[in-house]
Amino acid sequence: QVQLVESGGGLVQAGGSLRLSCAASGRTFSTYAMGWFRQAPGKEREFVATISRSGSSTYYVDSVKGRFTISRDNAKNTVYLQMNSLKPEDTAVYYCAAKVTTTIVLLTTTREYDYWGQGTQVTVSS
C-alpha cells in the first residue's frame, strides 16, 4: 500500500507561484511513476503532468507547458509541482498519483494510476 500526502496549496494572485509537494510512503519510491492531476468544481479530473521513475522523462498538458515543472527527489520520496505564472483557470484541487511500474512510462490518464492523495486546494485570484 502506498500513501500519498500533498501539501503546498493555497491562495495566490494571478501571475504568482506555488510549489506543491507530494510525500509518498514506502521504500520503493523509485519504482513509482508519478503524476499530478487537478479537478475544478463541476469538472472531471484532468491530467496536468507526469514524471518517470528516475525523473529523466516528463510530460505536460498543453495548458501548463512552460509554466509548470514536475520534478522528484527519490531520496526524499517526494514529487513536486512548481507552478509559475498562475492563472485563475488553474484553480482546482490538485492530486498526486502513483503507479508502481517496472518500465519507463509516462502515464496521462486517471485509470492508469493505482494510488491517489487526498488533494490540496489551489486558488488563483484575478
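For clarity, every value in this text was computed on a predicted model and none was experimentally measured.
Ser85 approaches Arg67 most closely through the heavy-atom pair O-NH1, 3.0 Å. Taking each heavy atom of Val79 and Phe29 in turn, the nearest pair found is N-CZ, 4.1 Å. The minimum heavy-atom distance linking Leu106 with Ser57 is given by the pair CD2-O, 3.6 Å. Trp36 approaches Ile70 most closely through the heavy-atom pair CD1-CD1, 3.6 Å. Arg72 and Ala33 make their closest contact through NH1-CA, 4.3 Å (heavy atoms, listed as atom of the first residue, atom of the second, distance). Here the closest heavy-atom approach between residue Cys22 and residue Met34 is recorded as SG-CE, 4.3 Å.
In this structure, Thr120 and Val93 have side chains that are not in contact, with every pair of non-hydrogen atoms separated by 4.5 Å or more. Between Tyr95 and Arg38, the closest side-chain pair of non-hydrogen atoms is not below 4.5 Å. For the pair Ser30 and Arg53, the minimum side-chain heavy-atom distance is 4.5 Å or more. Between Gln82 and Ser71 there is no side-chain heavy-atom pair separated by less than 4.5 Å. Using a 4.5 Å heavy-atom threshold, the side chains of Tyr94 and Gln121 count as separate. Annotation: side chain of Tyr113 is in contact with side chain of Leu107 (closest heavy-atom distance under 4.5 Å). In this structure, the side chains of Val48 and Tyr60 stay at 4.5 Å or more apart for every pair of heavy atoms. Using a 4.5 Å cut-off on side-chain heavy atoms (C-beta onward), Gln39 and Glu46 make no contact.
The structure places CG of Leu4 at 7.0 Å from OG of Ser25, a figure rounded to the nearest 0.5 Å. Taking OG1 of Thr69 as the reference point, atom CG of Asn84 lies at 6.5 Å (rounded to 0.5 Å). Within the model, atoms OG of Ser126 and NZ of Lys87 stand 14.0 Å from one another, a figure rounded to the nearest 0.5 Å.
A donor-acceptor contact shorter than 3.5 Å is absent between the side chain of Thr50 and the backbone of Gly35. The closest donor-acceptor contact from the side chain of Thr101 to the backbone of Thr103 lies under 3.5 Å.
Applying the side chain to side chain contact (heavy atoms under 4.5 Å, CB included) criterion to Val100, with sequence neighbours excluded, gives Thr31, Tyr32, Tyr115. Every side chain to side chain contact (heavy atoms under 4.5 Å, CB included) that Val124 has, sequence neighbours left out, goes to Val12, Ala14, Leu86, Pro88, Asp90, Thr91, Val122.
Geometrically, Arg19 engages Tyr80 in a cation-pi contact, judged by NZ or CZ lying under 6.0 Å from the ring centre and within 45° of the ring axis.
In the displayed structure, Tyr59 atom OH is contacted under 6.0 Å by at most 12 heavy atoms of other residues, nucleotides or ligands. The number of heavy-atom neighbours closer than 6.0 Å to NZ of Lys65, taken from other residues, nucleotides and ligands shown, is above 12.
Val5 and Val2 fall into different hydrophobic clusters, where Ile, Leu, Val, Met, Phe, Trp and Tyr residues are linked whenever their side-chain heavy atoms come under 4.5 Å apart, directly or through other members. Linking Ile, Leu, Val, Met, Phe, Trp and Tyr whenever their side-chain heavy atoms come within less than 4.5 Å leaves Phe68 and Leu11 in two separate clusters.
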Pair Val64-Met83, side chain to side chain contact (heavy atoms under 4.5 Å, CB included): steps then yes or no:
CA-CA 8 Å; Val64 308; Met83 305 186 295; over 6 Å; no
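Side chains of Thr78 and Asp73: no donor on one and acceptor on the other come within 3.5 Å.
When ring centroids are compared, Phe37 and Trp116 come within the 6.0 Å threshold.
A salt bridge (charged side-chain N to carboxylate O under 4.0 Å, His left out) check over residues 111-125, counting only residues at least two apart or in different chains, returns the pairs Lys99-Asp114.
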